[in-house]
There are 2 protein chains.
Amino acid sequence: MTEQQPTSLRERQKEDRKARIIAAAKSLFLEAGLEKITMEAIAEIAGVSSVTVHNYYGTKSGVLLALVAESDRELLATLERGLRGRTATLAELVLGFFEIVCRHTQTHLDKAIWRQVIAASVSGTEPRFGKLYHELDNRLASVLIREVERMVGAGLLPETVDPAHLGWALFNLQNARFIEFIAADGSSCEAGLQHLRNDLSALMPGGFPGR
Amino acid sequence: MTEQQPTSLRERQKEDRKARIIAAAKSLFLEAGLEKITMEAIAEIAGVSSVTVHNYYGTKSGVLLALVAESDRELLATLERGLRGRTATLAELVLGFFEIVCRHTQTHLDKAIWRQVIAASVSGTEPRFGKLYHELDNRLASVLIREVERMVGAGLLPETVDPAHLGWALFNLQNARFIEFIAADGSSCEAGLQHLRNDLSALMPGGFPGR
DNA sequence: CAAAATTCTTTAGTCAATAAAAAATTTGAG
DNA sequence: CTCAAATTTTTTATTGACTAAAGAATTTTG
């Protein structure tokens, strides 16, 4: 996970420009909102041409994905801190997961950016984009999977559960409510949590599968 | 649900133009693919100006949503025929639902169109768009809810289950796999079904909640 | 240092989307 | 039936994302 420094001058310059671009994008988006900011403006502040921005990130949404990916490591760390070995039930796990993700999106970027990113990940105009986003999803789902494994190991869940399948199912449930959360500026994290609670208790009235 | 004819000439002309536009869009998209077709081309065949197309449908995705909405009634009818009172277990119900939806999208429109529609429904640039799409989702989820109600009534599920909550949870699970299905041109309906089976058996090993 | 390879910028163009003025047509009153 | 008012479409013009290709600049390599 540590960055190996590219020896070549060209590589270093490229990294520099990329960093300048996402730095410019981040500050501009935060101060003026997504659709007020043109690619041209980002390019100008980053000191490159707008075509270069396109060459690096493909589309405006591509720039946004880079912002999301940047905050991804921190989100994963927060999830580790908040969840690792700390939950005794599936509901606790999934609700905790959802709450951390929601709060993180509120703090770091904003809903408009997430909407664009998710929309672009679905629309599939950019091949590399979909791939990158899917990797983020994989990392997030893996957190749930690992915790389910732990709970099985600790005897909190029956040996018969398949951690990967259960983890993905829970991730998808949670993700549907996350999308609902970001889809409307008005909807609160609490409302999402309540919906998710309803989902879980409808599917697993006993608190965990098979019982 | 029956169309009441608008008496005014203006209204009739408007309906006419709208119908010409979606007819033009449908045939053009099918024969040349989504991104080859410009709004200009649609407008020309429909015999209106491109600005009029925008005035009616807002965006290109708005035109697509109209196509989706058009096929929606047929999809609902197919769901009714295929599911109503025909399933004895939740897995049968959800898997059947998923399969019908997948096959319908393959037959009627294509994945590229669905990708655009779902992306637009999330991105939320168009307020009316999100609302319309959400209504389609509601109608689809209601099918599941009704069937769950029936199964509770028939003693196939415990009295304790909340049909609305369970219906929505199942719909969200199924929808996640549907989005996965349309996200990649390569992914098959069968693969989606298998994933969904895994989800269901992970969450409800006994075949239904609470057991 | 000079040729070769790479990468950026310039230039030019397409298309979606929006705004505002202008043109056409339906409607409604007399 | 006719003329003014209301509505709607088209025309016109502009912005901005995105792409392609040619040209300019710079790093690399021999």
Side-chain angles (χ1 to χ4, degrees), chain A residues 5-21 24-25 28-29 32-66 112-113 115-117 119-120 123-129, chain B residues 5-21 24-25 28-29 32-66 112-113 115-117 119-120 123-129:
Chain A
Q5 53 182 356
T7 44
S8 135
L9 171 58
R10 277 206 165 119
E11 294 298 320
R12 256 176 297 141
Q13 285 175 326
K14 194 173 283 196
E15 291 307 313
D16 233 54
R17 282 185 218 107
K18 287 179 110 167
R20 290 206 305 273
I21 289 169
L28 286 175
F29 286 146
L34 204 48
E35 55 268 0
K36 294 285 175 195
I37 302 301
T38 67
M39 297 290 268
E40 205 75 51
I42 298 172
E44 189 176 356
I45 295 219
V48 296
S49 83
S50 69
V51 175
T52 296
V53 180
H54 275 105
N55 282 340
Y56 283 164
Y57 294 104
T59 66
K60 196 173 181 180
S61 302
V63 178
L64 296 184
L65 181 62
I113 290 182
R115 281 195 285 265
Q116 286 290 114
V117 167
S123 88
T125 47
E126 194 100 28
R128 39 182 172 170
F129 192 113
Chain B
Q5 54 181 355
T7 44
S8 133
L9 169 59
R10 279 205 163 120
E11 294 299 318
R12 256 176 297 142
Q13 286 175 323
K14 193 172 284 195
E15 291 306 313
D16 234 54
R17 283 187 215 106
K18 287 179 109 167
R20 289 206 307 273
I21 289 169
L28 286 175
F29 287 144
L34 203 49
E35 55 267 2
K36 294 283 175 196
I37 302 301
T38 66
M39 296 289 270
E40 206 74 53
I42 297 172
E44 189 176 357
I45 297 219
V48 296
S49 83
S50 68
V51 175
T52 297
V53 180
H54 276 104
N55 282 339
Y56 283 164
Y57 293 105
T59 67
K60 197 172 181 180
S61 301
V63 178
L64 296 184
L65 181 62
I113 289 181
R115 281 195 285 264
Q116 286 290 112
V117 168
S123 87
T125 47
E126 194 100 28
R128 39 183 172 170
F129 192 112

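Order of the sequence lines fixes the chain letters, A, B, ..., with proteins taken first and strands second; residue numbering starts at 1 for each chain.
- Checked against C:dT27, D:dT10, C:dT9, the side chain of B:Ser8 finds its nearest nucleotide in C:dT27.
- By the 6.0 Å contact criterion, CD on B:Gln13 is enclosed, its count of non-hydrogen atoms from other residues, nucleotides or ligands being greater than 12.
- Without hydrogens or angle criteria, B:Lys60 side chain to B:Gln116 main chain gives no donor-acceptor distance under 3.5 Å.
- With rounding to the nearest 0.5 Å, the separation of CD in A:Glu40 from OG in A:Ser49 is 8.5 Å.
- Rounded to an integer number of Å, the gap from A:Tyr57 OH to D:dC18 P is 15 Å.
- A distance of 8.5 Å separates CD1 in A:Ile42 from CD1 in A:Ile21, rounded to the nearest 0.5 Å.
- Looking at B:Thr38, its side chain does come within 3.5 Å of a backbone N or O of B:Ala41 through a donor-acceptor pair.
- When rounded to the nearest whole Å, the span between CZ of A:Arg12 and P of C:dC8 equals 15 Å.
- A salt bridge does not link B:Arg12 to B:Asp16: none of the charged nitrogens lies less than 4.0 Å from a carboxylate oxygen.
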Show me the protein contacts with nucleotides 4-7 of chain C, counting only N or O atoms at under 3.5 Å.
unit_1, atom_1, unit_2, atom_2, d
C:dT6, O2, A:Arg10, NH2, 2.8
C:dT7, OP1, A:Lys14, NZ, 3.4

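- Map B:Gln13 and B:Ser61 each onto its nearest nucleotide of DNA chain C; the residue landing nearer the 5' end is B:Ser61.
- A heavy atom closer than 4.0 Å to some atom of DNA chain C occurs in B:Ile37, B:Thr38, B:Met39, these being the qualifying members of residues 32-46 of chain B.
- The distance from the NZ atom of B:Lys18 to the NZ atom of B:Lys14 is 7.5 Å, given to the nearest 0.5 Å.
- The nearest whole Å value for the distance from the CD atom in B:Gln116 to the C1' atom in C:dA16 is 12 Å.
- Proximity note for A:Lys60 (side chain, C-beta onward) versus D:dT9, D:dC18, C:dT9: the nearest is D:dC18.
- How far CZ of B:Arg128 is from OG1 of B:Thr59: 8.0 Å, rounded to the nearest 0.5 Å.
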Under 3.5 Å, which protein N or O atoms sit close to an N or O of nucleotides 19-23 of chain D? Give each pair with its distance.
none

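- Summarising the geometry of A:Glu11 relative to A:Ser8, their closest heavy-atom pair is N-OG, 3.1 Å, with the distance given to 0.1 Å.
- Contact check for A:Leu65 versus A:Tyr57: no side-chain heavy atoms found under the 4.5 Å cut-off.
- Here the P atom of nucleotide C:dA19 and the CG atom of B:Asn55 are 10 Å apart, to the nearest Å.
- Annotation for B:Phe129 and B:Ala120: closest pair CZ-CB, 3.6 Å, computed over non-hydrogen atoms.
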